[in-house]
Amino acid sequence: MPDSFKEILSRESVFVKRDVLSPHYIPGKLPHREKEIERVMRSVSPALEGGKPRNLFIYGKTGTGKTSTVKYVLNKLQEEESGKSAPISFINCRLYGSRYKVMQKIVQDHIPDFAKPGYGISFFYERLLDWIEKDGKQLIVVLDEVDMVKDLDDLLYTLTRSNDDLKKGGVSLLGISNRLNFKEKLDPRSMSSLLETEIVFSPYNSRELASILDARSKTGFAKGAVEESAINLASAIAAQETGDARYALKLLLRGGEIADERGERPVTDKHVEEARKSVDEGVATDAISTLPDHQQIVLYAISKLTLRGSRYSRLGNGDSDGENYLLSGEVYEDYVDSSKKFHKMPRSARWFRQYLNDLEMLGLITMVDSGKGQRGHTRFIKIAYSAEKVRDIVEKQLMGG
DNA sequence: CCTCCACAGGAAGCGCAGGAGT
DNA sequence: ACTCCTGCGCTTCCTGTGGAGG
């Protein structure tokens, strides 16, 4: 318990430059991505000499450094080529998820005068061609999370076709995606245009993660403020999950915050261990509060019944492990009641089943098929997180609003 | 053995909001 | 700015499934 604000302020933090630990920070050096950086540079380099870069496609799971690598290379490109012959549009397709929006964004980036809404695609297209031809520019369009574009075939067609319509200059594409299987849905023609070159980013292993964390903590943390074992644990946990560098960074950052809150000085693996709980809980809270209302209500019904105990408590005799499993029928009944409580019209039983499947996909509940000992064919449902917490989150979410 | 139970999940169709085209 | 179109969330209807009960 601090005696005064003065004490809190004078207390030394383990951080010296906190934002270095943030996942958005792009360090001056990207460890373990040297090969990838070189390949991206190689494919972009023709732009420096007025040539058309090859189209490039990058895959890799989240937190493997795809976006950072591309941003790093493009920053370098703009530094070395301070002229205006290789303009860049960096587009996050989660925000600009259609051909129209992407085209509009490109125009807005470079010729904002014409970016008013209401114009058709063909208008944007021709303005853009004029602008590129003017002094033979080499436009580079980066499509981050490219799988989020609804009419991707059309977009790719439009952009690659522009090279045929241009007398001078060119447009090249750089696509980034974390889903490997999405190209199956693509038109073979747009596939071959996008996949001229392909780079796969593999997940970091725990040693690589450790050296990344180590490098960042050297500038982010105060000297001696973080123990090596803490870094190793954070890397090991993240490597075990998916090799996600963002997750590893979060663990370390949160661990530092926890240590600060208690005024403890070196960040140890104990802090990281607790950070893991807190981070995972935060993820669950986020996942729940962004859920559609009715899925939240289903979760609410499940958590309520879990706390009260199943009405049909006769599970297979002797199966003492099966505590707190609920039947989908009784959950539906409570879901209908709970919907009324939150002033919502309950959905049909068919759609309720769909909700259950969605929630299972998100890892918020688990289900097993009813075996012996149960009349009829149903599923046993169990909540994956603390029932009290889930109930409170949903209540807060749906009551005040 | 057949029937019933208590569901699972596919198919078809419907109304609506928002995006595309004019 | 206006209409047309499409995708999405949802309902209704239906067939399937595996054990219980008679």
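The shown structure was predicted, so the numbers you read here are calculated from the model rather than taken from an experiment. Here is the naming used below: chain letters follow the sequence lines, and residue numbers restart at 1 for every chain.
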>> Each nucleotide in nucleotides 9-16 of chain C should get exactly one letter: B, S or -. Can you fill that in based on protein heavy atoms under 4.0 Å?
In response: SBBB----
>> For nucleotides 12-17 of chain B, give me one character per nucleotide, 5' to 3': B if any protein heavy atom sits under 4.0 Å from the base, S if the only such contacts are to the sugar-phosphate, - if neither.
In response: ------
> Does a side-chain N or O from A:R379 land closer than 4.0 Å to OP1 or OP2 of C:dT17, or not?
Replying inline: no
>> With a 4.0 Å limit, can you tell me whether A:T378 has a side-chain N or O closer than that to the phosphate oxygens OP1/OP2 of B:dC5?
In response: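 For B:dC5, OP1/OP2 do not have a side-chain N/O of A:T378 under 4.0 Å.
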Interatomic distance where [atom1] belongs to [X] and [atom2] belongs to [N] [whole Å]:
X      : N      : atom1 : atom2 : value
A:Y332 : B:dA8  : OH    : C1'   : 15 Å
A:F380 : B:dC7  : CZ    : P     : 11 Å
A:L356 : B:dA8  : CG    : P     : 7 Å
A:D358 : C:dC8  : CG    : P     : 14 Å
A:M103 : B:dG21 : CE    : C1'   : 15 Å

> Salt bridge check: are A:R262 and A:E274 linked by an N-O gap of less than 4.0 Å?
Replying inline: yes
> Are the charged groups of A:E257 and A:R18 less than 4.0 angstrom apart, N to O?
Replying inline: yes
>> Do A:V368 and A:I381 have side chains that approach each other closer than 4.5 Å (heavy atoms only, starting at C-beta)?
In response: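 A side-chain contact under 4.5 Å is absent here.
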Only pairs under 3.5 Å count here: list side-chain donor-acceptor contacts from residues 344-352 of chain A, not counting sequence neighbours, and write none if there are none.
unit_1	atom_1	unit_2	atom_2	d
A:K344	NZ	A:D293	OD2	3.0
A:R347	NH1	A:M345	O	3.3
A:R347	NH2	A:H294	NE2	3.4
A:S348	OG	A:W351	N	3.4
A:W351	NE1	A:Y355	OH	3.2

> Which pair of non-hydrogen atoms, one from A:I88 and one from A:H110, has the smallest distance, and what is that distance?
Replying inline: O-CE1, 3.3 Å
> A:L209 and A:A248: which non-hydrogen atoms are nearest, and at how many Å?
Replying inline: CD2-CB, 4.3 Å
> Got a sec, which pairs hit salt bridge (charged side-chain N to carboxylate O under 4.0 Å, His left out) with one end in residues 215-230 of chain A, sequence neighbours left out?
Replying inline: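 Pairs touching residues 215-230 of chain A that pass the test: A:D214-A:K218.
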>> Applying salt bridge (Lys or Arg N to Asp or Glu O under 4.0 Å), can you list everything that pairs with A:K71, at least two apart in sequence or on another chain?
In response: none
> Excluding sequence neighbours, so at least two apart, what forms salt bridge (Lys or Arg N to Asp or Glu O under 4.0 Å) with A:D392?
Replying inline: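 Once residues adjacent in sequence are excluded, A:D392 has no partner under the salt bridge (Lys or Arg N to Asp or Glu O under 4.0 Å) criterion.
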>> Going by side-chain hydrogen bond (donor to acceptor under 3.5 Å, both in side chains), name the residues that satisfy it together with A:N205, two or more places apart in sequence or in a different chain.
In response: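 For A:N205 there are no side-chain hydrogen bond (donor to acceptor under 3.5 Å, both in side chains) partners, ignoring immediate neighbours.
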> With A:H32, which residues qualify under ring-ring contact (aromatic ring centres under 6.0 Å, His included), at least two apart?
Replying inline: none
>> At 4.0 Å (heavy atoms only), tell me whether A:N357 reaches a base, stays on the sugar-phosphate, or touches nothing.
In response: sugar-phosphate
Provide a list of protein-nucleic acid N or O atom pairs under 3.5 angstrom, restricted to nucleotides 2-5 of chain C.
none

>> Go nucleotide by nucleotide along DNA chain B from the 5' end; which of A:Q354 and A:R99 gets its closest nucleotide reached first?
In response: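 Checking each residue's closest nucleotide, the 5'-ward one belongs to A:Q354.
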Can you give me every donor-acceptor pair (side chain of residues 36-43 of chain A, partner residue at least two apart or in another chain, under 3.5 Å) with its distance?
unit_1	atom_1	unit_2	atom_2	d
A:E38	OE2	A:R42	NH2	2.6
A:R39	NH2	A:E198	O	3.3
A:S43	OG	A:V40	O	3.3

> Hey, what bend do you get for the helix from B:dC1-C:dG22 to B:dT22-C:dA1 if you fit axes on five pairs at each end, rounded to 10°?
Replying inline: 10°
>> Under the salt bridge (charged side-chain N to carboxylate O under 4.0 Å, His left out) test against A:E281, which residue among A:R276, A:R254, A:K389 passes?
In response: A:K389
> Can you list the residues that meet the side chain to side chain contact (heavy atoms under 4.5 Å, CB included) rule with A:D269, with sequence neighbours excluded?
Replying inline: A:S229, A:L233
